[in-house]
Structures are given as C-alpha cells and as structure tokens.
Amino acid sequence: MIPMKTVKDYIRTIADFPHEGIMFRDVTSLFADARGFRMAIDQLLHPWAGQQIDKVIGLEARGFILGGAIAHQLSKGFVPIRKKGKLPGQTISQAYKLEYGEAIMEIHEDALQPGERVLVVDDLLATGGTCEASIKLIERLGAEIVGCSFIVDLPELGGRKLLEGLGMQVNVLCEFDGA
C-alpha cells in the first residue's frame, strides 16, 4: 500500500538560496500540484470551520495565492497586506525589524471595518515579524483576528511563540528544522 502524501511531501528544499547556508522551503512545488494545493487550502481552513470569518488577509506575496483561494472557498472578501509603496490608495503603515534593518507593511485604510472577523494567511512562519506588523495594522482598523494559518513553520526562529504571546491562535501544516 502506498502511503498517503502530506503537504510537507510536496514542498521542495533548495539549498543555499537566497544565499549560502539557507535551506529555502519552496512552496511553489506544492502550488503546482493540484492535489497538494487543494490539500493545503483545506487544511489551512479546517481549524476555523464553523467560525464567522468576514475577510481573509493574505501577506505579501505567497499569502496572496493562499488567501485568494481561501477567500474564494469561503465566498468572502480578500485583503492584501503589502510592502510599503505597493498599494495605490490611502494606507496605514507599520514598521517591523528585519535581521538587518527595518521594513514596512501597509494596508488600505478602508480595507476593514471595526468588528469584522478576519483570518490571516501566509506560506511561512519564521521570526513572526511580518505577521506581527500585520496584526498591528488589522487591530488599528478595529478588526478581530480569528487566527493565523501558515503552511510552514520554522520553530527554531520563534515566530509561533511570538504570535501566541500576542494572543493569536496559530495553525501550521508542517515544520522544518533550521533557518
């Protein structure tokens, strides 16, 4: 009997990308396989079944692919959170720290209404900085975060602990050792 594949089985690892010493977890191989992609979308949604979700938030950039598919499945709206300067309308911004320096995430100031319940989605949870900045943006607009779903967690980098420390419910489909 052939063992059933898991989401992790569809993710390829590329050594030394984007630079030496990094083991890059490439979810595009998961996205390219119809069965694997469907499995991932279903599993990202499963913990939130039966909960009211008004909008799905996708974090730049692979979170857009996942968030769009999940929003479609739920028949709900999709809201992108992007890097500074990528959204055309009036935005609010939130800075966050990177390993070397700082970056800024933005959301349209009219993207969410107070009291709306949202699900935050991205492909990878590493240090949690991008998601933490996104949570701050969402909360500034008065929306309530139902939870955060990710395909991959790199537990050694502490992102899940950071988000749970902020009171977030976190769902991850698989983990990989290392950075």
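Predicted model only: the values in this text are computed from it and were never measured.
The distance from atom CG of L112 to atom CD1 of I138, rounded to the nearest 0.5 Å, is 6.5 Å. Within the model, atoms CZ of R62 and CZ of F31 stand 7.5 Å from one another, a figure rounded to the nearest 0.5 Å. With rounding to the nearest 0.5 angstrom, the OG atom of S149 is 7.5 Å from the CG atom of L45. The CD1 atom of I65 lies 9.5 Å from the CD1 atom of I41; values are rounded to the nearest 0.5 Å. With rounding to the nearest 0.5 angstrom, the CD1 atom of I151 is 8.0 Å from the CZ atom of F37. Atoms CD and CD1, on E106 and I104 in that order, are 7.0 Å from each other to the nearest 0.5 Å.
Residues C174 and I11 meet the side-chain proximity criterion, which asks for heavy atoms closer than 4.5 Å. Side-chain contact check for I135 versus C131: some heavy-atom pair is nearer than 4.5 Å. Using a 4.5 Å heavy-atom threshold, the side chains of V79 and V56 count as separate. Put simply, the side chain of K8 reaches to within 4.5 Å of the side chain of F176, judged on heavy atoms. Residues I145 and V120 form a side-chain contact, since some pair of their non-hydrogen atoms from C-beta on lies under 4.5 Å apart. Side-chain contact between V118 and D54 is absent, with no heavy atoms from C-beta onward closer than 4.5 Å. Side-chain contact between L137 and M105 is present, with at least one heavy-atom pair separated by less than 4.5 Å. With contacts defined as side-chain heavy-atom distances shorter than 4.5 Å, the pair Q90/D110 does not qualify.
Between the side chain of E139 and the backbone N or O of K136, no donor-acceptor pair lies under 3.5 Å. Between the side chain of S29 and the backbone N or O of R12, at least one donor-acceptor pair lies under 3.5 Å. Listed for the H108 side chain is a donor-acceptor partner under 3.5 Å among the backbone atoms of G89. Using a distance-only test at 3.5 Å, with no hydrogens or angles considered, a donor-acceptor pair links the side chain of R140 to the main chain of S93.
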*Under the side chain to side chain contact (heavy atoms under 4.5 Å, CB included) criterion, do F150 and L173 qualify, and how do the steps go?*
CA-CA 7 Å; F150 304 89; L173 304 188; over 6 Å; no
*Just do the side chain to side chain contact (heavy atoms under 4.5 Å, CB included) check on R38 and R35 with the steps written out, would you?*
CA-CA 5 Å; R38 179 60 179 206; R35 187 168 298 192; 5.9 Å; no
_Stepwise side chain to side chain contact (heavy atoms under 4.5 Å, CB included) check, F64 with R82_ = CA-CA 10 Å; F64 298 168; R82 302 210 59 188; 3.6 Å; yes
_D16 vs I22, side chain to side chain contact (heavy atoms under 4.5 Å, CB included): CA-CA, chis, key distance, verdict_ = CA-CA 5 Å; D16 300 322; I22 299 292; over 6 Å; no
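Screening N171, V152, L163, L154 for a side-chain contact (heavy atoms from CB on, under 4.5 Å) involving L125 leaves a single residue, L163.
K5 forms a cation-pi arrangement with Y10, by the criterion of a distance under 6.0 Å to the ring centre and an angle within 45° of the ring axis.
M23 approaches T13 most closely through the heavy-atom pair CE-CG2, 3.5 Å. Minimum heavy-atom separation, A40 to L30: CB-CD2, 3.9 Å. Minimum heavy-atom separation, L59 to S134: CD2-OG, 3.2 Å. For the residue pair Y96 and T130, the shortest heavy atom distance occurs at OH-OG1, 3.3 Å.
No more than 12 heavy-atom neighbours from other residues, nucleotides or ligands sit within 6.0 angstrom of NZ on K97. Other residues, nucleotides and ligands contribute more than 12 heavy atoms inside 6.0 Å of the CD atom of E102.
Using a 4.0 Å cut-off between charged side-chain N and carboxylate O, R117 and E144 make a salt bridge.
With hydrophobic clusters built from ILVMFWY side chains whose heavy atoms lie under 4.5 angstrom apart, V146 does not share a cluster with F78. Hydrophobic clustering (side-chain heavy atoms under 4.5 Å, transitive across Ile, Leu, Val, Met, Phe, Trp, Tyr) groups V172 together with L166.
With hydrogens and angles left out, the side-chain atoms of T6 and D9 include a donor and acceptor closer than 3.5 Å.
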